[in-house]
Structure formats: C-alpha cells, structure tokens
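To keep things clear, I will list the structure first and then write my remarks on it.
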Amino acid sequence: MKPANGRLALAIFFFGRAAFSTASAQTPAVHKPQRQPGSATLEGQWSGSLPAGEAILHLVLHISKVEDGSFKATIDSLDQGVYGIEVTALTRKDSTLHFNVSSVGASYEGKFTADRNGIEGDWTQGSYSLPLVFHRQAAGARARKPSDAVASAEGVWQGALEGNGMRLRLQLHVSHDDQKQLVAALDSPDQGVSGLPAIRVSQKGAGFHFEIPVVRGVYDGTLNAAKVTITGSWTQNSVEQKLDFQRSDQLLELVRPQNPAKPYPYQEEEVIFTNGKAKISLAGTLTVPRGPRPFPAAILLSDSGPHDRDESLVGHRPFLVLADHLTRKGIAVLRFDKRGIGKSTGDYANATTEDFASDAEAALAYLKAHQEIDQKKIGLIGHSEGGMIAPLVATHSGDVAWIVLLAGPGLKGEDNLLLQSERILKTAGVNDEQIASTREFNKQTYALVRQERDPATLQAKLSDLVQSSGMSASLPPAAFESQVRMMVSPWFRFFLDYDPLPALQRTMCPVLALHGEKDLQAPPKENLAKIRKALEDAGNKDFQTTELPGLNHLFQHGPTGSPTEYGGIQETMAPEALNAVSDWVLRHTEL
C-alpha cells in the first residue's frame, strides 16, 4: 500500500490497518452517465468474460473522461471480488483501444465494432494471449438486483460516512457464491481501497448485516419496501455512525468546495513550452490577472509521482486551488504537466529529480520571455519533492526572485522515508516492535537497491527478503511488483541518497518554508530545523520557516495527518496556508 502523495513514501512495505488504514495514490474514476448506444465515446461501463482455464472471469471496465480530454479507467474482476484495479497507459487511436493493467502485468488491445457497442481484442498476460470482447453496458445495469439473486440485497450500493469535514464514499458489492451464501466486498475509493472482504453477510427479511474484519467494522441496516435503499449504522472501534446505501453503480459525486467555477475573473490560457536540452515539450496552464501589466509570477512545482498540472490526487486538485487563489490576488501562475504525463512529452519513468529541475528551468525561461510577466519578479512554489527542486533551480539561475517550500524536505531521502514510515505506522496504531521490524526491513531493501543494479537480480533478492522477513503476508504479489518497479527506477535510486542541504546552503533569494504540524510524510520539526540551519549557514538574510497548526502534508485540516484521510477530507488546501503563501509573495513582489 502507498500513501497518497505518490512516490515519496512508496518504499514503505508494510502498513498497519486501523479505521480503513490502507491508502493509495489512485482513486477509482467517477463514472459519468453514458451517451446513447452507438456513440463513439469511450465513457461508461464495458463488460467482458475472460476464459481462465476451466473458469470464466467476468470483468467490468469503467472509463471516464477528465477535464483535459484524456481518459482514465479502472477494471473490476467480479469473480475474484477485486474492484477498482488501476488501468494505465489507456490510449485510443482511430478504432483501436489499448491499455495496460500494470499491477498484474497485463495489457489489452482491441478494435471497436461497427456499432460502437463492442470492443473485440486480446488480453495479454505473461506468455498468454486470450480473446476478450467487451460489450457496452446500459447505464445502471449493475445497479439492479441480478436475475439469479438469492436475496434482494444483491447488487451494487453507494453510501458515505460523513462528519467533521470528512466524507468517505463507500461502494458495496453484494452477490452470492455457488452454495447460495451471500458474499460482499466494500470499496473506499477516497482512500484507494478496493475489495475489503466482508464476513457474516446475511439478510433476514428486510434486515441486512455484514462485517469487515480487516477494519473491525460492523454494519446493520434495513431495506426499504422498494429494495433501493438500505438505512442503517456503521460501528467501528465502538463508535457508531449513520450510514445509508442507495442502489446504484455510480459513485457518489466528489465534494470539493474549493474548486473554482468558471467563468474566472482572470485570463486563462493553455501553453506549450520546450525543454531544448531534453528535446521535449511541456504543456500547462497560465493564469494571468486582469489589470495593468506586467505581473509578478509563480511557477508551481509538484510533489513526487506522475502528477498533472493540477497535482491531481485522491480527488483533489491542489494546484488548481492554489493557482486560482494567487491569480485572484494579482499574481500570474504557470502550472504544467510533468514530462510524459498529460499533454507533456518525454519519458516520465526514467526521469530523476534533476530532470524535473531541468523542466522547471524551461518553465522559468518561458515566463521570462512572456510580455505580460515581470521577468524580475518570477518565483517558484514547490510542494514536497517540488520543494527539493526549487532550491536546485534557484542555485542554477540568478533569475529566481524568491521560492516557497511547501512541505519541502530538509532530510536526506532515506532518512525521510524511514521517519515517515515510523510516523505513519505509529499513527495507524502499530506497536513499537512491528515499527522497529519494518524499519529494519526497509533499511535492508534500501541497501539492496544500492548494491544491486540489475533489475531482475534485485527483484529476486527483494523477493527472498520479503519471504525471510515474514512481510509476505502483508505484501500481495501485485503490490510487491509495483514496489520493485519503483525501487529500480532512476528516480528512486537518485532520491534515496539525495541531500537537499547543499542546494539550500547556496540559496540566497528570499525563502518561505511552510510545514503542517500533522505532516507525517515530511515531519515538520526535523525537516524545518534542517532547512532553517542550511539557510542560516548560507547567510540568507530573508527567510521564514513556519509550522502551521493542525495541517497535514497536503495542508488540509485532518484528524491525525494520516495519508489515509486525504481523499475523505473535503477541504483541498486550508485558507490559512493559502493566505500565508499569497501574503508573503505579495510582500516580496511589491514595487
């Protein structure tokens, strides 16, 4: 399992489980209503049957369209009780659809049928290639009670736990096995959790009951006469909450009140600029205030992971919210898709932090030549890994007027990984012995990464380590493969030993460093102390380091700071964090 901020904490191989304490960077797509049959759109649900020996695996592919026009998808394996599996590299060219399911090492390529209601192709996994035909499902098809149901509770249900500024959407799947016993699985899409197995699933008259042992949760509810609503309560750790389910296959709508609505009171334009050294083009959005030109400007640099220009994660779009706030205050903002992500070209998989710094320098050069921007008042705002990149760029270029570090690291890569692992596990209720065991295990994996350069050999050695350490019980094969791919990447090998202090010790422009008090991924006291000392050593006369009370790694108000909470928090970025950034930037851009 992985925290929600992307690659920064992927090396944590074990997470304790408490109160839905499992997390992932990916959130299943919100499935939009489909167009009429015959439409060429990909959006909607597609069902298919895959022969697997004597068994048949029934698959459901969910495809939705994001605002930039690209598509994202997840896939369910109904017979295996696994839902929301991430689909990667989904592309459509003319009548051909291609996608990968990286977590299981599979790919699919097919062609649309003439009526556009089917896709005929092949599923490839390992050395096997099997025919797989997808058929477009009518809207709401899976929401109805199945024709062979043994109980009226069977089907797909949507609900949400709400309170204290949080809203965790839940999706419940109820069916029966070959012995006609009810089975169920629960998804928590805002935490990236799919297929939590239920036990003691039963229906007696209108009464419906199930338990989720992995989170110590119990549900009791009552079906209404129409069998389309279950009214009930969820009890977890002796705390009871109201929880109702509606029969539907459409996830409840995300609630993100800070996302700005168009029309904006400022100019917005799609831009493309080039990194000539890397021979790539980077696509982004430039927002420019109204009023007399030229304007001061900020370049937003995102956290680790394959982020788009909005730094989208777990249903939040932090950079959209931050850019909107700053632009309304009179500051132009450039945010862009990482190389190889969204509309930007380039190779994301083999890029390191230094490569992303090179892209940031290209963004700086682009703004310097823009007629509406004051080239002497361009600064960088970096979140987490972006807070590593900003000082690198500032030391390479004399054109950076100021930098803001949001949860930027002051510790070396390995030190931060070990510290965040400890803090996250402790918050999840894991005991000291398990934490110490996990720390030793992680240190051994990092040592192997340094020692073994061959990916295949490294994977074999890591597999042996997982087995010998007893971690295999908490690390499913798909998760293990994902971890190995990350750990053999150039990015991780660079990040593991990177020390941010030398760049900070050469940074002479004004610096604002903000951390949230409840940040478990870049703990504030340890990281801010290092940043402060480095800037003092540099002789920097204009810097501020601040710990913001009650805020997590994303600068949200959160109960504990755990990454498992990010997606359930309705707030995207706390107003006090937004104002701390804009107030400081405005003071440093005044005439």
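Contact of the Tyr108 side chain with the Leu61 side chain is not registered, since no non-hydrogen atoms from C-beta on lie closer than 4.5 Å. Between Glu86 and Val101, the closest side-chain pair of non-hydrogen atoms is not below 4.5 Å. Looking only at side-chain heavy atoms (C-beta outward), Val314 and Asp190 stay at 4.5 Å or farther from each other. Here the side chains of Leu578 and Leu322 are in contact, with some heavy-atom distance below 4.5 Å. Thr327 places none of its side-chain heavy atoms less than 4.5 Å from the side chain of Tyr264. Side-chain contact between Leu504 and Leu405 is present, with at least one heavy-atom pair separated by less than 4.5 Å. Residues His325 and Met573 fail the side-chain proximity criterion, which asks for heavy atoms closer than 4.5 Å. With a 4.5 Å cut-off on side-chain heavy atoms, Leu301 and Ile381 do not count as touching.
Distance check, rounded to the nearest 0.5 Å: NZ of Lys377 to CG of Leu367 gives 15.0 Å. Interatomic distance, Asp399 CG to Leu364 CG, rounded to the nearest 0.5 Å: 6.0 Å. Going from atom CZ of Phe543 over to atom CG of Leu512 covers 11.5 Å, rounded to the nearest 0.5 Å. Between the CG atom of Asp249 and the CD atom of Gln171 there is a distance of 8.0 Å, given to the nearest 0.5 Å. Atoms SG and CG, from Cys509 and Leu380 in turn, are 7.5 Å apart once rounded to the nearest 0.5 Å. We find the CG-CE distance between Asn540 and Met508 to be 5.5 Å, quoted to the nearest 0.5 Å.
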Going through the distances and angles, do Thr572 and Arg317 end up as a side-chain contact (heavy atoms from CB on, under 4.5 Å)?
CA-CA 7 Å; Thr572 296; Arg317 301 165 68 188; 5.8 Å; no
Verify side-chain hydrogen bond (donor to acceptor under 3.5 Å, both in side chains) between Glu565 and Asn552, making sure each step is shown before the conclusion.
CA-CA 10 Å; Glu565 298 167 351; Asn552 61 22; 5.4 Å; no
Thr74 vs His62, side-chain hydrogen bond (donor to acceptor under 3.5 Å, both in side chains): CA-CA, chis, key distance, verdict
CA-CA 5 Å; Thr74 61; His62 307 273; 4.8 Å; no
Could you walk me through whether Leu496 and Leu417 pass the side-chain contact (heavy atoms from CB on, under 4.5 Å) test, one step at a time?
CA-CA 8 Å; Leu496 190 62; Leu417 289 173; 4.1 Å; yes
Applying side-chain hydrogen bond (donor to acceptor under 3.5 Å, both in side chains) to Gln544 and Thr546, what does each step give before you reach the verdict?
CA-CA 6 Å; Gln544 176 184 333; Thr546 302; 3.0 Å; yes
Please step through side-chain contact (heavy atoms from CB on, under 4.5 Å) for the pair His515 and Ile531, ending with a clear verdict.
CA-CA 11 Å; His515 272 66; Ile531 293 171; 4.1 Å; yes
Stepwise side-chain contact (heavy atoms from CB on, under 4.5 Å) check, Gln158 with Leu251:
CA-CA 6 Å; Gln158 311 296 332; Leu251 284 173; 3.5 Å; yes
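Within the 3.5 Å criterion, the main-chain N or O of Val321 finds no donor-acceptor partner in the side chain of Gln258. Formation of a donor-acceptor pair under 3.5 Å by the His316 side chain with backbone atoms of Ile569 is found in this model. Within the 3.5 Å criterion, the main-chain N or O of Val288 finds no donor-acceptor partner in the side chain of Gln267. A donor-acceptor pair is defined here as one N or O able to donate and one able to accept, closer than 3.5 Å; such a pair exists between the side chain of Thr345 and the backbone of Ser281. The main-chain N or O of Gly284 is found under 3.5 Å from a side-chain atom of Arg309 such that the two form a donor-acceptor pair. A donor-acceptor pair under 3.5 Å is formed between the side chain of Asp355 and the backbone N or O of Thr352.
Taking the side-chain hydrogen bond (donor to acceptor under 3.5 Å, both in side chains) definition, one finds that Asp324 meets it with Tyr266, Arg328, sequence neighbours left out.
Contact between Ala407 and His383 at its shortest, heavy atoms only, is CB-CD2, 4.2 Å. What you find for Trp402 and Ala298 is that their closest heavy atoms are CH2-CB, 3.7 Å. The two atoms that bring Gly410 and Leu501 nearest to each other are O-CD2, 3.4 Å, heavy atoms only. Residue Leu320 comes nearest to Asp310 through the heavy atom pair CB-OD1, 3.7 Å, listed as atom of the first residue, atom of the second, then distance. In terms of heavy-atom proximity, Ser304 sits nearest to Glu385 at CA-OE1, 3.1 Å. Shown here for Glu517 and Gly550, the closest heavy-atom pair between the two residues is OE1-N, 2.6 Å.
Ion pairing of Glu526 with Arg423 is present here, as a side-chain N (NZ or NE/NH1/NH2) and a carboxylate O approach within less than 4.0 Å. The pair Lys277-Glu361 does not count as a salt bridge, with every side-chain nitrogen at least 4.0 angstrom from each carboxylate oxygen.
In summary, the side chains of His553 and Gln420 do not present any donor paired with an acceptor at a separation below 3.5 Å, with no hydrogens or angles considered.
A cation-pi arrangement is present between Arg92 and Phe112, with the terminal nitrogen or guanidinium carbon under 6.0 Å from the aromatic centre and inside a 45° cone about the axis. With a 6.0 Å cutoff to the six-membered ring centre and a 45° limit on the axis angle, Lys338 counts as a cation-pi contact of Phe356.
Applying the 6.0 Å contact sphere to CD of Glu269 captures more than 12 heavy atoms from other residues, nucleotides or ligands.
None of Tyr366, Phe319, Phe273 except one satisfies the ring pair (Phe, Tyr, Trp, His ring centres under 6.0 Å) rule with Phe336; the exception is Phe273.
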